[in-house]
Amino acid sequence: MLPKLIASKQPKYVLFSLCGKTIEMKAVLDNGHRVIGIEGSQTAIEAFFNENQISYEIEKDETNQYEFYKVDFGHVFKMNEQIDHHCIGN
């Protein structure tokens, strides 16, 4: 699936849930597509940006419960601790 997506000339939005530091996100970005990553680990989010030398800003939502890591290609979402405890597997 990834090679077909990367070969596409029409820009796409690609959602990576529980993305961690997956290198596929960088490949998708490098081929002109937009990435939305969802991750619960602040360490993994920041490691991805730092390892790939991507600048980011952190914004909070209006309730101050969520953090959004904004970059020029989309958002990465960090779940808050309360929500994380309700996820399957926790």
Item checked: Nearest-0.5 Å distance that lies between atom CD in Glu67 and atom NZ in Lys70 -> 14.5 Å
Note to self: Does Ile58 form a side chain to side chain contact (heavy atoms under 4.5 Å, CB included) with Glu46? I'd like the steps, not just the answer.
What the structure shows: CA-CA 11 Å; Ile58 300 173; Glu46 292 176 357; 4.3 Å; yes
Notebook entry, point to check: Would Glu59 and Tyr69 count as having a side-chain donor-acceptor pair, cut-off 3.5 Å?
Noted result: no
Notebook entry, point to check: Can any side-chain N or O of Asn64 pair as donor or acceptor with the backbone N or O of Lys60 at less than 3.5 Å?
Noted result: no
Check: So do the side chains of Val35 and Phe16 get within less than 4.5 Å of each other, counting heavy atoms only?
Finding: yes
Check: Just by distance, do the side chain of His33 and the backbone of Lys12 share a donor-acceptor pair under 3.5 Å?
Finding: yes
Check: How long is the span from the CD1 atom in Ile23 to the CD atom in Glu51, to the nearest 0.5 Å?
Finding: 11.0 Å
Margin query: When you compare the side chain of Ile38 with that of Leu18, does any pair of heavy atoms fall below 4.5 Å?
Written below: no
Checklist line | Spacing of NZ belonging to Lys26 relative to CG belonging to Asn31, to within rounding of 0.5 Å | finding: 10.0 Å
Notebook entry, point to check: Is there a side-chain contact between Phe68 and Asp61, using heavy atoms and a 4.5 Å cut-off?
Noted result: yes
Check: Is a side-chain donor or acceptor of Thr22 paired with a backbone partner of Met25 at a separation under 3.5 angstrom?
Finding: no
Margin query: Using every non-hydrogen atom in the two residues, find where Glu39 and Cys19 come nearest and quote the distance to one decimal.
Written below: OE1-N, 3.4 Å
Notebook entry, point to check: Hey, what do you get for CG (Asn50) to CD1 (Ile45), rounding to the nearest 0.5 Å?
Noted result: 11.5 Å
Note to self: For Gly32 versus Pro11, what's the shortest heavy-atom pair and its separation?
What the structure shows: O-CB, 3.9 Å
Next item on the list: Evaluate the side-chain proximity of Phe48 to Ile54: yes if any heavy-atom separation is below 4.5 Å, no if none is.
Entry: yes
